[in-house]
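Please read the structure below before turning to the comments.
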Amino acid sequence: MPVSPGLGQSAGQNEELTLRRRIEEGISRALAGLIASAYRLSGDWSEWHADLSRVSAHAAVLLVAITGISLSTVQWSVQTASSSPSLSTPSSAIGEEGHSGGGKPLEATSVQPLAVSSISGSTTDVVFRQAQPQTTIPKRPRLRVVTYTVQVGDTIQSIATQFGLDPTTIMWANPAIEDAPDLLQIGQQVVILPIDGVYHRVAEDDTLGSIAKMYEVEPEAITSCEYNDLGDPGRPIEQGEHLIIPGGEKPYEPKVVTAYTGSVPEGARGTGRFQWPVLGRITQDYWYGHRAIDIGAPTGSAVLATDGGFISFVGWTDVGYGYLIVVDHGNGFATYYAHLSNIYVVEGQAVERGKVIGAVGNTGNSTGPHLHFEVRRHGSQQNPRAYLP
């Protein structure tokens, strides 16, 4: 009759205890006999009694200590009828039909990985659950239009990156920014769309067809946009209503400050080779809505003329540039230096390449001290990085 795992394990443990007791009793009897013999010997030779009794007592204690230490290092192994259960069943032990060694079918389970620590000499394994310190939080789409308050150091690009949008989407959703895309003010409220596109305010004579044509999209792009909440596609749009135009675009129109009407100084002409206007780092690069570069530098840093020419404009502007200097290089190029804190030239003055013309500031619509630098060729804004060394 087969022995159950529980009974086999108990029998093995009893055999182990019995063997241990017999060995301990035998050692104890041998030690007691040895000690008794030593004391008898000391009684026969009275002259050795004092010394021999002390030596025999110390030897007995030392022998007991050595024996105890030896017994503690002995590994008592008794073969039992069954080994301790394992934590998992190897896949090789499961048959093709989901059976384990011909026994009853096993149910498929999903087991959390565990870290097992086995302590030598212990009958119980300690099982620890593995730590999972990382939690992945998925990005969820915004379900509506929200607003953002401009902070120190913000740019259109940094705000767009923060919300996962194109910079042009930020620009086209905010008329104030659209007029001067790179000129933000701290504390300004910025409309943030849930997707890329244009945010259009319906005018009196607008229709879905005219709006779609204006932004070069199909009318279905507007009606099918879930964020517009048009409901019945056949209902007329209402004046003052805001619509998101997915994929819509607007034409870019550069700002014109003024046209120079004075006389041109003789020989005031550039070489066509530009140098950097200030030492600093680029805080905003050239893109569709920011056709310039912003160079961050401390207030008061020297601003240099990037090439020879004459001053065609100097002073305050009402379009967000703050204090501005424009240098006409006499060869179709003009350079703009905006947000200045100080101006050291006058209109109509000839300047040479590398001359100090102003100082970095934070005037106009600006979120921190920097130089807004533009290069225009025949009135068309160019990427300054294409002309700087």
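All of these numbers come straight from a predicted model, not from anything done at the bench.
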Inset, instruction - Begin from the C-alpha positions of T169 and I192 and carry the test side chain to side chain contact (heavy atoms under 4.5 Å, CB included) through to its verdict. - result: CA-CA 8 Å; T169 297; I192 306 295; over 6 Å; no
Inset, instruction - Could you tell me how the ring of Y260 sits relative to the ring of F310: parallel (under 30°), tilted (30 to 60°) or perpendicular (over 60°)? - result: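 Answer is tilted, since the angle falls between 30° and 60°.
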What about [X] and [Y], same hydrophobic cluster or not, with Ile/Leu/Val/Met/Phe/Trp/Tyr joined at side-chain heavy-atom distances under 4.5 Å?
X	Y	value
V351	F373	yes
V191	I244	yes
V217	M214	yes
V326	I357	no
W287	F163	yes

Minimum heavy-atom distance [X]-[Y], with the two atoms named:
X	Y	result
A268	A350	CB-CB, 4.3 Å
P175	A173	CD-O, 3.9 Å
C225	I195	SG-CD1, 4.1 Å
P194	V145	CD-CG2, 4.1 Å
P265	G348	CG-O, 3.1 Å
I343	G315	CD1-N, 3.9 Å

Flag the pair [X] / [Y] as yes when at least one side-chain heavy-atom distance between them is below 4.5 Å, and no otherwise.
X	Y	result
F313	I311	no
I211	P219	no
V202	E238	no
R385	D285	yes
Y344	K355	no
V278	L371	yes
I245	I222	yes

Legend entry - Candidate pair H370 and I295, rule side chain to side chain contact (heavy atoms under 4.5 Å, CB included), full reasoning: CA-CA 5 Å; H370 71 279; I295 307 173; 5.9 Å; no
Neighbour count above 12 (heavy atom, 6.0 Å) for [X] [atom1]:
X	atom1	answer
E220	CD	yes
E218	CD	no
Y323	OH	no
Q189	CD	yes
L279	CG	no

Inset, instruction - Begin with the C-alpha distance, continue with both residues' side-chain angles, and end with the deciding distance and a verdict on side chain to side chain contact (heavy atoms under 4.5 Å, CB included) for T147 and T149. - result: CA-CA 7 Å; T147 58; T149 302; over 6 Å; no
Legend entry - Sequence-distant partners of R353, salt bridge (Lys or Arg N to Asp or Glu O under 4.0 Å), two or more places apart: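 So R353 forms no salt bridge (Lys or Arg N to Asp or Glu O under 4.0 Å) with any residue.
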If only atom types and distance count, is the side chain of [X] paired as donor or acceptor with the main-chain N or O of [Y] below 3.5 Å?
X	Y	answer
N174	A176	no
S380	R377	no
D166	T168	no
Q188	Q185	yes
T306	W276	no
T363	L340	yes

Legend entry - Full working for side chain to side chain contact (heavy atoms under 4.5 Å, CB included) between Y387 and Q382: CA-CA 9 Å; Y387 298 93; Q382 309 290 311; 3.4 Å; yes
Inset, instruction - Kindly indicate whether a cation-pi arrangement holds for R201 with Y199, taking the cut-offs as under 6.0 Å to the six-membered ring centre and within 45° of the axis. - result: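 Verdict for Y199: no cation-pi partner in R201.
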Rounded at 0.5 Å granularity, tell me how far [atom1] in [X] sits from [atom2] in [Y].
X	Y	atom1	atom2	result
Y286	Q157	OH	CD	12.0 Å
I156	L165	CD1	CG	11.5 Å
I237	S210	CD1	OG	6.5 Å
R144	L193	CZ	CG	13.0 Å
N228	T223	CG	OG1	8.5 Å
L304	Q275	CG	CD	5.5 Å

Does a donor on one side chain and an acceptor on the other come within less than 3.5 Å for [X] and [Y]?
X	Y	result
T161	S158	no
D294	T283	no
D206	H200	yes
Y148	D154	yes
E374	Y321	yes

Inset, instruction - In plain terms, say whether R273 and D307 are close enough for a salt bridge, that is, a side-chain N and a carboxylate O under 4.0 Å apart. - result: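 Looking at D307 together with R273, the answer is no, because their closest N to O distance does not fall below 4.0 Å.
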Inset, instruction - Assess the pair F274 and H329: is the distance between their ring centroids shorter than 6.0 Å? - result: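 Distance test on ring centres: under 6.0 Å, yes.
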Inset, instruction - Flag the pair Y336 / H372 as yes when their ring centroid distance falls below 6.0 Å, and as no otherwise. - result: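 No, ring centres 6.0 Å or more apart.
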Legend entry - Audit row: Y215, W172, ring-ring contact (aromatic ring centres under 6.0 Å, His included) steps and yes/no: CA-CA 11 Å; Y215 300 115; W172 290 331; 8.3 Å; no
